[in-house]
Structures are given as C-alpha cells and as structure tokens.
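Contents: one structure, followed by commentary.
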Amino acid sequence: MSKEYKHQEIEPKWQAYWNENKVYEVREDASKPKYYVLDMFPYPSGAGLHVGHPLGYIATDIYARFKTLKGFNVLHPMGYDAFGLPAEQYAIQTGQHPAITTEKNLQRYREQLNQIGFCYDWSREVRTSDPSYYKWTQWIFIQLFNSWFNPILNKAEPISTLVHLFETEGFKGSDDTILTGGMEFDFPAFTAAQWNNFSEANQQKILLGFRLAYLSEAYVNWCPALGTVLSNDEIKDGVSERGGYPVERKLMNQWSLRITAYADRLLSGLDELNWSESIKESQRNWIGKSQGASVLFEVQDHKFSIEVFTTRPDTLFGVSFLAIAPEHEMLDQLVDASHIDEVMAYVNLAKNRSERDRQSDVKRISGVFTGSYAVHPFTGNEVPIWVADYVLGGYGTGAVMGVPAHDSRDHAFAKYFNLPILQVIEGSERHNYQESSYDGKEGNCINSGFLNGLGVKKAIKRAIQEVEERGIGKGKTNYRLRDAIFGRQRYWGEPIPIYYKEGIPYPVEEKDLPVILPEVDKFLPTENGEPPLGRASNWKYKGLYDYELSTMPGWAGSSWYFLRYMDNKNDDALVSPNAVSYWKQVDLYMGGNEHATGHLLYVRFWTKFLFDLGFIPEVEPAKKLINQGMIQGRSNFVYRIDCFEGDKKELSFFASRGFLDENENIKNLPVLFQEFNKQNNQKARLDFTKIMVVKLNVDVNIVKDEVLNLTLFKQWRDDLNNALFVLENGNYHCSWEVEKMSKSKWNVVTPDDIIAQYGADTLRLYEMFLGPIEQSKPWNTQGIEGVHRFLKKLWKLFYDKEGNFCLNQEAPNKAELKILHKTIKKVAEDIENFSLILL
RNA sequence: GCCCGGGUGGUGGAACUGGUAGACACGCAGGACUUAAAAUCCUGUGUCCUUUAAAGACGUGCGGGUUCAAGUCCCGCCCCGGGUACCA
C-alpha cells in the first residue's frame, strides 16, 4: 500500500473482485428473509448518466448493503428503459438505427454505473427493447385484450366469461350491471338469441367495447406537415418544435387501456401504501373521483337531450345556460341554421387549442351561442345552449350546466356574455353575486322549489332522488381519470401484437410472440400518413394478415419491469410462480417525483390486472416509495453584445456579468465601450442603430466558480475562435440559474470526471451529503473537496505514515465500547430513516 | 389556470413535537509547518453600527395575525422547480 489514500488503486481492485466472484448475484433462498430494493430504471440518453441519476441509486445501494449485512436476501437489480422518442428523433435526423444509438448509450451507462461501484446483480439486467423482454410486454397486452372488467366482482376476468353471459343472458343495455360506469360504448340491448345470431364481425365489435385493451376514437395532436402525431412536449407555442408547422387536434382510431375500470381500486389502494402523502395526493387528484349526478336537459324542438354531469345538483334551479364542448357529438344536430357559420368558425378554432391551453387560460373567456335552447327540467324555462372551450370533451359528459351564482368559471362566463346570475344558495348576506360567485357548500337552498330550505348536502340527495323519479337523470360517480391511449404512431417501441382479418382486430397467438419490430427504410410515417411500421415490406402475420402499425408508449415496458427482474431469463412465463412467490413485490422503490401520476399509476394498474388474472400474488408493485429529489442543473450564461448598423451586425463581443444590471440590460453603455476599447485595443464607436444583449447557455464544464475559462471557451465552438471579451478584473464572470439538467442547456455534469479526480467513494459521500434525499437541489461541485478530505482523514485512522494497515488486538475499554455502540445505533437508525447526510 | 414540492449566511444545508436560528461542510481571511509550494493542522467568519472589543440593532421570500415565545402555527401574496395525459 502506498502512503496515502489512493482511490485509483482501491476502487478498481474491489470492483474487479466483486465482479469475478459474483458477490452480488442472488437467488431465491427460503432460509433467509427477502428484501427487494428497486431503483427506477433510467432511459439511456445520449448525454450519459448525469450526477442526478446516481443520487437515488447511491441511497438504495447503501440501503441494500445494509440490509444484506442485517441478514436479508437482497434483490437489487438494474436495467434500462430502452425504447423511447429521443433515440427515434435522432434516427430521423441522422438515419442511425435507434437500436444502435440505444446500444451505444447503454454501454456508456453501464460503464458509468460500474465505476460508481453499485452492488447490482447484473445477471438480472433487463432492457425493454430486447425481444426476449418485450415478448412479455406484448403478452400482457394480449391478456388485457382478452379480458374485461367485471364490476360485480370488481376485477378483471377473461373475456370468455362475458361471452358466456351474452350467450346465456344477453345484454340489457346501457344501464346493465356489467358496465363499469358508462365508460364502454353504448350498445343497444340484445337477447341471448340475438347474440348467437350476430355475425362474427358484430360480436367482435361489441366485445371490443368491453375489452381492457380496445380500439376507439381519441383526439391527438396531428401535424399534417410532418405526417405524424406529436406529444405536447413536441409542440411549442401551438406549432411543432421540429420545423414549426401547424398542429391540429384530430380524431384518430387508437388503442386504449381501460384504466378507468380500476379507478376505484387505484384510489382505495393508496391508503395501505407507505408512499409520501404528496404522491398519494397527486394520484388522488389525478383519479379525481367526484360524486354528483347526470341530468338530461331536453333540447327544444329536437328529439334528443343533452346530458350534463354536475357535482352540485342542489344548484339545479340556478342554471341559466348550458355549455357544451366544441367536440360535443350532438353539436352538429342542435346548432341553429342561423348560427351555423359563427359556431363552426369558433369550433374549428377552439378544437385546435390544446387542452392545457383551454384549461389554463381562464382570463380569456370565449364561447358562442348555438341558437338553440334546452328546457329546464323543473322550471320549464328556456336555457340557452352555448359552445365554450372551457368545457372539455373528454371529461364527464362534455357538457355542463351553467350556474353562475355558485361556480366561479360559470360566473366569469355569464358575466362576460351577460347571462342571468340566479342565486339559489343562501350565502353571506353581503355577497355581491354580480361581482363573484359563492362556491361554498354552506347554506340553504332558496328560489329552488322543492329544495327550498334544505342544506347543500341534503339538497344534493333530494335533487338526485327527484331526477331519478322523473327519469331524467341519476346519481353518478365521475372520474377525472381517462382511459390511457396506448397506441403511438412511432417506430421505436413494442409493436402492438394485433393483426386484422376483414377489418377486425385479433391478437397474435401466444406461440408467435414476440412480434419483432421490423426493419424500415426510414423512421418516418409513410406518404399516406401511416405510422413508420407501414414501411416494413412483406410484414404480415402468417404471411396473410396486416399487422397493427402502431407501437406501444414508453410506459409499457416500465409498467411491469419490477416483475421481470425476479426471473429475467424465463422464456415460458413473464415470471415463474416460484420466483414471484418468493420476491413478491418491491419493498423499497426509489425514484423521481416526476413519475407521480404517470409511471406510478400505470404500474399499479398493471399489477392489479396481473393479480386479478392470478399471475402474481400482490396487488401493489411497491410497499414503500421514496422520492429522491431531482438534481437540477446549474446553468451558466454568458452575454453577447451584438451591435448593428441597420440589419448588418458590425460588432459582437462578450460582456462580463458586472456590466449588466439586474434585468440583464447594459448598465452603462459608454463605460462598456470604453472598457471594450481599452481591453481589446480597439476604437469602437457606440452610435450603432441597434444594440442587443443575447444571453447564451455556456458549457458549465468550462466555468469554475462562475469564472469562464477563456481558452476553453474559444475552443468550445468554432465560431468562438476569435471571440472578444470585456472582463472585470481580468475575469469573465458568468451568471447562473437553476434549470432542468439537459444536454441542450449545457449544464450536464457527469460523474466520470468527479470519479477520475476524487474517486467513487467521494462522489457517493458527496451526493449523500448534498442534503436530504427527498429534496430537489441544483448540482454544484463546489464543496466536494471537503468530503474528499474527510475520506483521507478516515483512511489515515487505519494506516500509518508508511501506509501500513494498523489495528491492534487489545480489548476495547468501556468508553471505547460505548462510542462503538452509540455509533452502531446512530448509523443503523439513520440508514433506516434515510437520513444519510450526517456522518 | 389547476395539482404536488420548495424558498434559512457568499454556497450546500442543520434546527425532531413552537423554546439559544445558522450544526456539519464548502468558500473566504489570518496563522503554523516549509527555502518555497502543495498537502496537513490551528483560528476566525450571518448582516449592520463600531478603530477594535464589549454592548447593541437587524435577521429564515414579502405583508399581516396568533403566542410569554414563530424558520416552525393561521390568513393573504411573490418567486423557483415538477406534473398537467404521445418526454421518460
């Protein structure tokens, strides 16, 4: 051993030892209690693993090692969420196959992970893009396709039980008990005899309305110029980020998963989970259970009614208008001829606004009168029907009853369009109903016929009773949660294992799985707008039938990966009963907050589904969840001063932070130019026609303590070779801001440099030292020195000046034992509490 | 907009149920060791006033409130991060 702490020697030595002796490989062992520690697996991006990823990994690694020492049989695996958009985008730009990009990125991730010295059992690695893995993702999809949700048993069952029901009892129509709450399509009632005489096509069409994986129309962001569907992410300011083309919302036939059937179980299941309250609260809000009533409003001079959903049937007498969504299916029929142009113009505009836009933009009130009236079911009054974009097509019934006096958005709408505001709840006497609404639930009904005098809660019950008696509505539970659109018009994902025979979708037979992602010449949609898989030549099931051309979304593979780690090489089942009955579920799951309602809801859904069908023994994927805070990037900026003469840029240089004021404008122009001339030995005038300050992200790796390394800056990009500067005391000072850590912001710090300089142990210690694991914080490498020094001191406790390992064998005295045991207690408690900061 | 987090020195953060705000560390300043530097060790370090010290005043995003006592509890705001259904 050398004389001082040398991580360059210590770390590779032990990492090699672990590797050669397979120290961290585990197998089921009934003699020991099991413990399953899981990290949310990473998407292998081109920028490599940044310092944010290991934060959670290090914490779980400490915990996994601790649990092992405590005698548990610890499963601690790692793998990759390897399908996804970025690799596909890259493929579109460069022609490089996403599989190649992914493989390359993945290698790099593995190297980085190895360097940090994690105790993963690498023999269990999974990759979602590997056919041996996605075979089972596809298999689960087929199970979903072959299942329906039985609301009486409150669980999924094979579709054959529904077929049996149809064959023996038929279907009683939209109020049938087999419906899970109006989420299936409305089919007319049929008898068993009728069912048996239906054509195959008709039967299949009906079944599709009940399957947990089904085909239906849904709105997507369609970009005609790119011929593809875009995520909200890919849209900036209403146009495509790539190319800046217009985007419209378009109805498209899409595969969806009936997650809404599980809404109640997803909600009630939260109570037993040891997850943070904030995550559980987010999920509750996302599921958005609300109780109320659906009420039918007859449309005057027409033979149909509009169904509205309301949580406040007690305010029915306060209705002064109905508002329907621009997407409402009855719109065409009810709009009055004299209003048709105006309405259609509005609808075309409103439909193409994104939902988020429509919900967030509360200040801009818009809507248009359809020219038609509904009849108030109790008063018989005429109620004007409006189209308004604050009503969303996908939520509730796509129509609301406007009660301006007691709903703030209805109020804003009524006030803007001068619609009557009718008070029906007694609030505070001084409340001015022309100014604002009273949304509270305290008070008694007034001006409300049979509801007068009742408190809000009683009035709700009474109103529901009344509409039910009159046959114009019923009590109803509504969920904000929508079925999950599952099809993607993309290449780099799991092919949906469906083929079409005479236009009817059928699942690929299990023995033919996996449906391998075919090769294509380009990763773009076809000329006639089909997804990229439409380019695959001779790609037919059994050589005869067309395959489904859409692929699965990013979250498909991640919705069940925790199961695959238990038995990752099994070719006969997604996981063997043996393995899953031993490892059961994740005991500790660590991951980012950003997955609160996406991944974490879907994985719970799939887990419940697989449980229902008897494939796994647990209804929840993870008992305990810890959200590691996001490590944000700490971006550095430089300021370029561009000076124009007319449209021509005459001069351009970089000014240090101090020359700009708080608002990042030039503080004092003459002083700046004086300094510029002095420092660069020039004679620039300052009477330019236009002077602009351009703020640019600069690579944080060439900035230290906010001081820019000028030499490296000039080498950073070709156009900067001859860059000119105005410095402060010989230095260029940058500004900084907290942003998401990403390649495009030049603020990615990778663990590699830190490990090379200080070693993995210093990195690990420092990441834990940064602050509580749950808290988000920007990355800042300042401070790592102190941690490194701590390790050196620790090392010196055990090695003398010549580098000899020195311990003596003397029995410890009482005081020493006391310290030892206090330390053991403290360390054990801190680790159990994930208080990994204090040393 | 809505939902979930967060805001404490120059910096990361500590303060468990309301009870000495700023632990620990970084940085900075000074000193010791050294021919010198690095490394290491020691001392100081919230801000302001003050030659210094003592003493004092002010201090946990902003404005109010409750309390003997507020970083912590209540009300109203501001700012930052995440999510908002095809990013993962």
Side-chain angles (χ1 to χ4, degrees), chain A residues 4 40-45 80-89 128 218-222 228-235 241 252 254 256 259 276-286 288 354-364 390 394 408-409 480-490 493 550-555 557-558 591-599 601-602 627 629-634 705-706 736-740 742 765-766 769-772 774-790 792-793 796 833 835 837-839:
Chain A
E4 52 184 56
M40 284 186 190
F41 61 1
Y43 173 81
S45 86
Y80 307 97
D81 188 12
F83 274 133
L85 257 189
E88 179 157 336
Q89 299 275 30
T128 55
Y219 276 98
V220 293
N221 302 311
W222 175 253
T228 190
V229 176
L230 299 177
S231 67
N232 286 328
D233 233 47
E234 295 172 289
I235 302 169
E241 193 173 37
M252 201 180 234
Q254 297 267 34
S256 295
I259 188 174
S276 76
E277 267 316 306
S278 66
I279 289 271
K280 291 204 264 186
E281 193 56 23
S282 295
Q283 293 212 347
R284 285 188 195 109
N285 290 330
W286 186 260
S354 73
E355 265 184 37
R356 199 183 302 174
D357 217 35
R358 280 164 57 179
Q359 277 177 93
S360 52
D361 196 358
V362 293
K363 290 199 180 91
R364 199 169 82 196
Y390 79 96
S408 48
R409 272 191 309 183
R480 205 182 71 94
L481 182 72
R482 302 203 296 257
D483 279 342
I485 298 175
F486 198 68
R488 297 288 183 270
Q489 329 297 310
R490 309 280 187 185
S550 59
T551 52
M552 299 189 196
W555 51 268
S558 59
N593 234 309
E594 68 275 23
H595 301 287
T597 49
H599 162 64
L601 208 55
Y602 296 129
N627 291 114
M630 301 245 317
I631 294 270
Q632 289 136 348
R634 196 174 179 284
D705 297 337
E706 317 326 335
W736 64 275
E737 266 171 43
V738 173
E739 295 184 297
K740 205 167 178 169
S742 92
L765 206 55
Y766 183 59
F769 190 77
L770 271 176
E774 298 93 340
Q775 218 166 84
S776 291
K777 54 234 150 187
W779 178 262
N780 192 348
T781 311
Q782 286 172 19
I784 200 162
E785 289 280 350
V787 168
H788 187 58
R789 231 170 273 154
F790 171 86
K792 283 189 186 172
K793 284 186 223 165
K796 278 202 291 189
N833 294 327
S835 168
I837 316 165
L838 300 175
L839 303 167

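Chain naming here is simple, since letters A, B, ... match the order of the sequence lines and numbering starts at 1 in each. Quick caveat: nothing in here was measured; it's all calculated off a predicted structure.
Annotation: side chain to side chain contact (heavy atoms under 4.5 Å, CB included) contacts of A/Arg409 (sequence neighbours excluded): A/Tyr390, A/Asp407. Every residue two or more places apart in sequence or in another chain was checked for a ring pair (Phe, Tyr, Trp, His ring centres under 6.0 Å) with A/Tyr219, and none qualifies. Take A/Trp779 and apply the ring pair (Phe, Tyr, Trp, His ring centres under 6.0 Å) test, not counting sequence neighbours, and it matches A/Tyr766. Every side chain to side chain contact (heavy atoms under 4.5 Å, CB included) that A/Arg284 has, sequence neighbours left out, goes to A/Leu267, A/Leu270, A/Asp271, A/Glu277, A/Lys280, A/Glu281.
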Encoded 5' to 3' (Watson-Crick or G-U under 3.5 Å; [ ] crossing; | other strand), RNA chain B becomes (((((((..(((......[....)))((((((.......))))))(((.......)))..(((((..]....))))))))))))....
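Remark: the backbone N or O of A/Arg490 is paired with a side-chain donor or acceptor of A/Thr551 at under 3.5 angstrom. Counting only distance, with no hydrogens or angles, the side chain of A/Ser550 and the backbone of A/Gln489 share no donor-acceptor pair below 3.5 Å. Listed for the A/Asp483 side chain is a donor-acceptor partner under 3.5 Å among the backbone atoms of A/Ile259.
Taking atom CH2 of A/Trp286 as the reference point, atom P of B/rC4 lies 14 Å away to the nearest angstrom.
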Please write out each protein N/O paired with an N/O of nucleotides 5-12 of chain B under 3.5 Å, distance rounded to 0.1 Å.
from   : atom 1 : to       : atom 2 : distance (Å)
B/rG12 : O2'    : A/Leu770 : O      : 2.8

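Distances from the side chain of A/Pro86 to the nucleotides B/rC87, B/rA85, B/rC26 place B/rC87 closest. For A/Leu481, the side-chain atoms get nearest to B/rA85 when compared with the rest of B/rC26, B/rA85, B/rA88. Closest to the side chain of A/Glu785, out of B/rC4, B/rA85, B/rC26, is B/rC26. Side chain of A/Asn232, nearest nucleotide from B/rG27, B/rA85, B/rC4: B/rA85. Out of B/rC4, B/rU40, B/rA85, the shortest distance to the side chain of A/Asn285 is found at B/rC4.
Going from the P atom of B/rA39 to that of B/rC58 covers 42 Å, rounded to whole Å. Only the P atoms considered, B/rA55 is 38 Å distant from B/rG6, to the nearest whole Å. The gap from the C1' atom of B/rA23 to that of B/rG82 amounts to 30 Å, rounded to the nearest Å. When the C1' atom is compared between B/rA25 and B/rA14, the two are found 11 Å apart, to the nearest whole Å. One P atom belongs to B/rU43, the other to B/rC48, and the distance between them is 25 Å to the nearest Å.
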A/Phe486 vs A/Gln254, test: side chain to side chain contact (heavy atoms under 4.5 Å, CB included). Steps then yes/no.
CA-CA 7 Å; A/Phe486 198 68; A/Gln254 297 267 34; over 6 Å; no
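Residue A/Arg409 is out of contact with every strand shown, counting any heavy-atom pair closer than 4.0 Å.
Inter-residue side-chain proximity for A/Glu234 and A/Asn221 is flagged as unmet; no heavy-atom pair is nearer than 4.5 Å.
Base orientation for B/rG63: anti, the chi torsion being more than 90° from 0.
For the pair A/Arg488 and A/Gln359, nearest-nucleotide mapping onto RNA chain B gives the more 5' position to A/Gln359.
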